[in-house]
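Below is one structure, written out as structure tokens; the observations come after it.
Hydrogens, waters and symmetry mates are skipped; everything else that's a heavy atom, side chains included, is used. As the structure is a prediction and not an experimental result, all values here were calculated from the model.
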Amino acid sequence: MNPFAKVALFTVTAVAEILGCYLVLLWTRGGRPAWLLLGAAVSLGIFAWLLSFHPTAGRTYAAYGGVYVATAVVWGGLVEGLPPDRWDLIGAAISLLGMAVIAFGPR
């Protein structure tokens, strides 16, 4: 899988996971309607399905974790209105650097 496709797959997988969890959070904390749980189940089902497209488990999931961290920082800014501060951005950059070393390092 080429590097851009790999990062795109990581990112879409992370968005599906975060969305599913966020919908549950809205329902439990926000007093929102229970039908959000259906959307959460669908999103988390898509997340699990997307995981099946990753070529291997251990190393791939470790690399995915770095993209998840960066995606969660962006989500906080775009969806929750919590713009990242410099420490959030530094942490996300470190996570992405770790992802790049794991995913794209020579084997």
Side-chain angles (χ1 to χ4, degrees):
M1 180 181 298
N2 77 53
F4 295 112
K6 190 177 284 191
V7 171
L9 181 58
F10 282 150
T11 303
V12 172
T13 303
V15 169
E17 182 179 11
I18 293 168
L19 176 61
C21 294
Y22 185 69
L23 291 174
V24 172
L25 179 74
L26 287 178
W27 176 70
T28 59
R29 292 195 184 163
R32 303 286 173 81
W35 62 263
L36 287 178
L37 296 177
L38 179 61
V42 169
S43 185
L44 291 171
I46 291 169
F47 158 70
W49 176 68
L50 288 169
L51 285 177
S52 72
F53 289 98
H54 296 275
T56 60
R59 187 177 290 139
T60 298
Y61 295 165
Y64 162 73
V67 174
Y68 178 88
V69 169
T71 303
V73 168
V74 171
W75 180 278
L78 295 177
V79 175
E80 297 183 58
L82 301 169
D85 62 20
R86 75 173 163 197
W87 299 108
D88 296 328
L89 296 174
I90 291 169
I94 291 169
S95 295
L96 289 174
L97 179 62
M99 177 278 299
V101 169
I102 293 168
F104 307 122
R107 302 277 179 248

Are [X] and [Y] joined in one hydrophobic group, where the rule is that I, L, V, M, F, W and Y side chains link up if heavy atoms are under 4.5 Å apart?
X    : Y   : answer
L23  : I18 : yes
V101 : L96 : no
L82  : L78 : no
V67  : F47 : yes
L19  : F10 : yes

Would you say that [X] contacts [Y] through its side chain, given a criterion of any heavy-atom pair below 4.5 Å between the two side chains?
X   : Y    : answer
Y61 : L51  : yes
V7  : F104 : yes
V24 : L37  : yes

Do you know which two heavy atoms are closest between [X] and [Y], and how far apart they sit?
X   : Y    : result
L50 : A16  : CD1-CB, 4.2 Å
A63 : A103 : CB-CB, 4.0 Å
P33 : W27  : O-CD1, 3.4 Å

### Query
Does the side-chain contact (heavy atoms from CB on, under 4.5 Å) test come out yes or no for W87 and I90, once each step is laid out?
CA-CA 5 Å; W87 299 108; I90 291 169; 4.0 Å; yes
### Query
Once the angle between the rings of Y22 and W75 is folded into 0 to 90°, is it parallel (under 30°), tilted (30 to 60°) or perpendicular (over 60°)?
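Ring orientation of Y22 relative to W75: perpendicular.
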### Query
Is a side-chain N or O of S43 found less than 3.5 angstrom from the main chain of G39, in a donor-acceptor match?
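Flag not set: sc S43 to bb G39 has no pair under 3.5 Å.
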From [X] atom [atom1] to [Y] atom [atom2], the distance as rounded to the nearest 0.5 Å:
X    : Y   : atom1 : atom2 : answer
I102 : L97 : CD1   : CG    : 10.0 Å
T28  : L36 : OG1   : CG    : 10.5 Å
F53  : L9  : CZ    : CG    : 8.0 Å

### CA sep, side-chain torsions, deciding dist, call: T13, Y68, side-chain contact (heavy atoms from CB on, under 4.5 Å)
CA-CA 8 Å; T13 303; Y68 178 88; over 6 Å; no
